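The next block holds one structure in the form of C-alpha cells; read it before the comments.
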Amino acid sequence: MEMPTVGIPRSLLYHQYGVLWETFFQEVGIEWILSPPSNRELLLLGTQAAVDESCLSSKLFLGHVAWLIGKCDYIFVPRIAGYPCGGTVCTKYMALCDLVRNTFREKRVKLAEWNVDPGNKDYEFSAFVSLGQSLGIPKTRCAKAYWNARRAFRMYLFAEEEKLRCASEKNGMKILLVGHEYNLKDALFGKPISDYLSLQGITLLDASAANERDMLNLSEKISDLIPWYCNKILVGAVERYRSVADGIILMSAFPCGPDSLVNEIIKSRVKDVPILNLIIDGQDATVGLETRLESFIDILSMKKAQEKGFA
C-alpha cells in the first residue's frame with residue numbers, strides 16, 4: 001500500500017508542536033512536506049484568501065495552506081478546543097479545520113485532522129490514533145508511534161527549558177520576549193526582532209519556553225482572571241523572569257483580542273521592569289520597528305547606568 005503525502009503548514013501551532021507531529025509521521029512511515037518559512041508572498045496569499053477581520057497570524061496560516069495545495073495528498077490541520085488542566089483557547093485554535101475547509105472549498109482540499117477536545121473526551125492520544133487511522137495506519141502502530149513522539153517531544157521541551165534557564169543566568173543585558181510561539185519563532189514576524197536584538201549583544205529570554213505547569217500557577221500572582229490557557233503561561237513567565245530581565249517586550253499580531261487585553265493587564269501590574277508593547281501589523285517597512293527597539297535598548301542602558309551610579 002502506497003502511503004499518502006501530508007503537507008504541514010509551517011505556521012501557528014506548528015511552532016509549538018512541530019516536533020511531536022513530525023516524529024509521529026516518521027514513526028508511522030508517512031512522508032510529509034513543510035511549507036517554506038514565512039515570507040511576504042505567503043502572507044499575501046493568506047490575506048487574499050482570508051476575511052478582513054482575521055488576525056494576521058490566521059491570515060499567514062492560510063497562506064501556508066494555499067502554498068501546499070496541489071503539492072501533497074492531504075493537508076494537516078490541527079484543532080485544539082481546550083486543555084485537560086482547564087482554561088479556554090483562542091477561537092482560531094478551535095476553528096482551523098472549518099476555516100480551511102470553507103476558505104478553500106472550491107479546491108476540494110483533503111484534510112488530515114488532529115482534533116484535541118478534552119471536553120468531548122478527545123485527548124491527545126485519541127487524536128493521533130484517529131489521525132493515523134484516517135491515513136490507513138493500524139491502531140496499534142499509531143499507539144506505538146504516539147508514545148515515541150511524546151517521548152521526543154518531552155526531550156525537546158526539556159531542552160528548551162534548559163536553554164531558557166541558562167540564558168537567565170547570563171551576565172549582561174537581558175530582555176524577556178513575551179509572545180506566542182507562532183509569533184516569536186516565525187521567520188516573518190519574530191525572527192527579525194530576535195535577530196536585531198541578538199546583534200546588539202542582548203541575551204533573549206523566550207517566555208514561551210517556560211514550563212507550562214509552573215507558569216500556570218505563577219500567573220495568578222499577576223492576575224487570576226485570565227481565561228486563556230496560552231496567555232496564562234506567558235503571564236506566569238513574566239512573573240518568573242521579571243526579576244532577572246532588564247526589560248520586557250510584549251509581541252503580538254494585529255488585531256489579537258486576547259493578547260491586547262492580557263498585555264494591558266501586564267503593563268498595569270508590572271511596574272518594576274520597563275515594557276515595550278510591539279504589535280506586528282504586516283507592514284513591509286522594518287525601519288520603524290528597529291527605531292522602537294533601538295530606543296527601548298537606550299532606555300534600558302540608561303536605567304542600568306543609573307542603577308550602577310547609585311550602587
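Predicted model only: the values in this text are computed from it and were never measured.
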Have [X] and [Y] got a donor and an acceptor in their side chains that come within less than 3.5 Å?
X    : Y    : result
N183 : S57  : yes
E212 : Y229 : yes
R151 : N148 : yes
H180 : S208 : no
Y182 : K92  : yes

* Starting at CD1 of I265, measure out to CD1 of I222 and round the result to the nearest 0.5 Å. =>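 It comes to 9.5 Å.
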Out of curiosity, E294 CD to I297 CD1, how far, rounded to the nearest 0.5 Å?
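Going from the CD atom of E294 to the CD1 atom of I297 covers 7.5 Å.
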Can you hop from [X] to [Y] via hydrophobic side chains spaced under 4.5 Å?
X    : Y    : result
I299 : L276 : no
L34  : V65  : yes
I279 : L293 : no

query = Centres of the F153 and Y17 rings: under 6.0 Å?
reply =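 That pair passes the under 6.0 Å test.
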Salt bridge (charged side-chain N to carboxylate O under 4.0 Å, His left out) contacts in which one or both residues fall within residues 263-274, not counting sequence neighbours:
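Matches after skipping sequence neighbours: R242-D272, E264-K267.
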Using a strict cut-off of less than 4.0 Å between a Lys/Arg side-chain nitrogen and an Asp/Glu carboxylate oxygen, indicate whether [X] and [Y] qualify as a salt bridge.
X    : Y    : result
R165 : E161 : no
R79  : D117 : yes
D246 : K304 : yes

Review point. Do K232's NZ or CZ and the ring of W228 fall within the cation-pi criteria of under 6.0 Å and 45°?
Key: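 No; the conditions do not both hold, so K232 does not lie above the ring face of W228.
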Review point. Does the salt bridge (Lys or Arg N to Asp or Glu O under 4.0 Å) test come out yes or no for E160 and K185, once each step is laid out?
Key: CA-CA 13 Å; E160 291 295 293; K185 297 180 179 179; 3.6 Å; yes
Give the ring-plane orientation class for F76 versus W114, where under 30° counts as parallel, over 60° as perpendicular and anything between as tilted.
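The rings of F76 and W114 sit tilted, inter-plane angle from 30° to 60°.
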Is the F125 ring parallel, tilted or perpendicular to the Y146 ring (thresholds 30°, 60°)?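 Perpendicular.
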CZ (F158) with more than 12 external heavy atoms under 6.0 Å
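No, not enclosed.
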